[in-house]
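Here the structure comes first, spelled out in structure tokens, and everything after it is commentary.
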Amino acid sequence: CEISMAVYTKTYDLSKVKSIPEDTYQWCLRNNFESGRKADLGHTSSCIKAWLVECVEEGKGLLIVAHNGQRHLGWGLTYQIEDYVPPKQEFQVYVPPRCRRRGIGSKILAKACAKVGRVEVFAHDTSDKFYIANGLTRAEAITGKRLKSHVGNKKKGRTR
């Protein structure tokens, strides 16, 4: 990933689109915590890939894909969990190690909050640092307002 690249997001409402582009879907399936990358701690227990497959098959949730106009850079998924009262929106994100620490995951998280409001993060050994950097603790929910406040403070050199 180039350091000074523009990052765009494309959102697919899986309940409304008939299908997502096959190359995008395959890229997401190949790029997740189960890919065996050393930077992901060789984790095999992540369920982001399984949730993607389920959400696409059942037509539920939002898939948010970051790109630079030529390449995919990361992806996030938010979906409703009905088992909770009230139901909650869970959020997961994956950015390949070579593209991390460039604001890509934060942009995907901000887009998810803009689209669905409050999201619960799905903490994972590798993503804990990302969520902490965005002002969250394990299994904590965040809203777009809180995220905007935190990001604004980071830009001004202040932390919470």
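Residue numbers count from 1 along this sequence. On a predicted model such as this, the values are computed, not experimentally measured, just so you know. Hydrogens, waters and symmetry mates play no part in the numbers below; they use all other heavy atoms, side chains included.
With hydrogens and angles ignored, the 3.5 Å screen pairs no side-chain donor or acceptor of R101 with any backbone N or O of P97. Checking side-chain atoms of K60 against main-chain N and O of Q80 turns up no donor-acceptor pair under 3.5 Å. Of the possible donor and acceptor atoms, none in the side chain of R100 sits under 3.5 Å from a partner among the backbone N and O of R98. A distance-only check finds no donor-acceptor pair linking the side chain of H72 to the backbone of G74 [under 3.5 Å]. Counting only distance, with no hydrogens or angles, the side chain of T78 and the backbone of E90 share a donor-acceptor pair below 3.5 Å.
Here NZ of K115 is found 13.0 Å from SG of C113. Values are rounded to the nearest 0.5 Å. For the atom pair CG (L14) and CD (E57), the distance works out to 11.5 Å, reported to the nearest 0.5 Å. Rounding to the nearest 0.5 angstrom, the gap separating the NE2 atom in H67 from the CZ atom in R71 is 13.5 Å. To the nearest 0.5 Å, the span separating CG on L63 from CG on L77 amounts to 6.5 Å. The line from CG of L62 to OG of S15 is 7.5 Å long, rounded to the nearest 0.5 Å.
You'll find the side chain of I108 reaches within 4.5 Å of the side chain of F91, heavy atoms only. In this structure the side chain of V56 reaches within 4.5 angstrom of the side chain of Y25, judged on heavy atoms. Taking the side chain as every heavy atom from C-beta outward, V93 and I64 never approach each other to under 4.5 Å.
Considering all non-hydrogen atoms of both residues, L73 and P96 come closest at O-CD, 3.2 Å. Closest approach of V7 to A66, counting heavy atoms only: CG1-CB, 4.1 Å. The two atoms that bring V53 and L29 nearest to each other are CG2-CD2, 3.7 Å, heavy atoms only. Residues C28 and V65 approach most closely at SG-CG2, 4.3 Å, considering heavy atoms.
Judged by the 6.0 Å and 45° rule, R30 forms no cation-pi pair with Y94. Note that K10 lies in the cation-pi zone of Y12, set by a 6.0 Å cut-off to the ring centre and a 45° limit from the axis.
Residues Y79 and E54 have side chains that never bring a donor and an acceptor to within less than 3.5 angstrom of each other.
Among residues two or more places apart in sequence or in another chain, the side chain to side chain donor-acceptor pair (under 3.5 Å) test is passed with T11 by none. The salt bridge (charged side-chain N to carboxylate O under 4.0 Å, His left out) test applied to K18 returns no partner, not counting sequence neighbours.
Using a 4.5 Å cut-off between side-chain heavy atoms of Ile, Leu, Val, Met, Phe, Trp and Tyr, with links allowed through other members, Y8 and I20 fall into different hydrophobic clusters.
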